[in-house]
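Because only heavy atoms are used, hydrogens play no part in the values below, and waters and symmetry mates are left out as well, while side chains stay in. Below, chain A is the first sequence line, B the second, and so on; all start at residue 1. Only a predicted model underlies this, so the values are computations on that prediction, with no experimental measurement involved.
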Amino acid sequence: SQTIHQWPATLVQPVGSPLSLECTVEGTSNPNLYWYRQAAGRGLQLLFYSVGIGQISSEVPQNLSASRPQDRQFILSSKKLLLSDSGFYLCAWSGAGRMAFTDTQYFGPGTRLTVL
Amino acid sequence: AQKITQTQPGMFVQEKEAVTLDCTYDTSDPSYGLFWYKQPSSGEMIFLIYQGSYDQQNATEGRYSLNFQKARKSANLVISASQLGDSAMYFCAHSGNTPLVFGKGTRLSVIA
């Protein structure tokens, strides 16, 4: 069966510091991968998605970036965090390719980021 | 662009009763999917149910059913026989030519 991992679970970082959040998927090949952010008490905002290694699509211009160095690894990064980057970051996977956007997405446990 | 509207910020239901959570959507995609997710206080997003735009029958998964009215662009979630563990945030989402777009959610509280 497929599983999705995220780490760290929680993170407290000062403004201006770098960020690296990691997401890995097991039990499937060539999945679509997604990063979402959820502000406190709000819905989910899609940040990035990837349909393959090295292929990253950005939905919201900001100081965050994403990379997919391996088939089942998705990394969210920032060079300098802002206060507004605080939130709950969720990674998800679904079936492969753009035709699979209507496939069910399965989410990881999330990372709660607080920027002080 | 796709848009999902959940008009009920909060709902209360008595234990063992049924409850309907509303969701309307706006899309120009010819083929699309509608999803409901549950988010308990722990934060995890739990997939509940899926409805494809060309599915002839309403989707059902255990105590969850989706009341899909394509002409009205609505995809309401019905939870039967509510349990205390159903207390959570519920999100409706749409996908088609682009990945999931989520509504703002409805907080459901089940009362004993």
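- Contact check for A:E59 versus B:T98: no side-chain heavy atoms found under the 4.5 Å cut-off.
- Hydrophobic clustering keeps B:I4 apart from B:M89 (ILVMFWY residues linked when any side-chain heavy atoms are closer than 4.5 Å, directly or through intermediates).
- Criterion: ILVMFWY side-chain heavy atoms under 4.5 Å apart, direct or through other members. Under it, B:L108 and B:M45 are not part of a common hydrophobic cluster.
- Transitive grouping of hydrophobic side chains (ILVMFWY, heavy atoms separated by less than 4.5 Å) brings A:L76 and A:L44 into a common cluster.
- Separation of atoms OG1 (A:T104) and CZ (B:F47) is listed at 3.5 Å; rounding is to 0.5 Å.
- For chain A, the option among B:S95, B:G33, B:G103 with the highest count of heavy-atom pairs below 4.5 Å is B:S95.
- One hydrophobic cluster, built from ILVMFWY side chains closer than 4.5 Å, cannot hold both B:L84 and B:I46; they sit in different ones.
- Both A:L64 and A:I56 are part of a single hydrophobic cluster, where members link through side-chain heavy atoms under 4.5 Å apart.
- Atom CZ of B:R63 has more than 12 neighbouring heavy atoms from other residues, nucleotides or ligands inside a 6.0 Å radius.
- Using a 4.5 Å cut-off between heavy atoms, A:L90 touches chain B through its side chain atoms alone.
- The number of heavy atoms from other shown groups lying within 6.0 Å of NZ (B:K73) is above 12.
- A side-chain donor-acceptor contact under 3.5 Å links B:Y37 to the backbone of A:Q105.
- To the nearest 0.5 angstrom, A:Y36 atom OH is 4.0 Å from B:L100 atom CG.
- Scanning residues 6-30 of chain A against chain B with a 4.5 Å heavy-atom cutoff picks out nothing at all.
- Between A:F88 and B:Q39, the closest heavy-atom pair is CE2-NE2, 4.0 Å.
- Heavy atoms closer than 4.5 Å to chain B are found in the side chain of A:Q38, but not in its backbone.
- Residue B:F91 comes nearest to A:G43 through the heavy atom pair CE2-CA, 3.6 Å, listed as atom of the first residue, atom of the second, then distance.
- Expressed to the nearest 0.5 Å, how far CZ of B:F102 lies from CG of A:L46 amounts to 9.0 Å.
- Atom NZ of B:K3 is surrounded by 12 or fewer heavy atoms from other residues, nucleotides or ligands within 6.0 Å.
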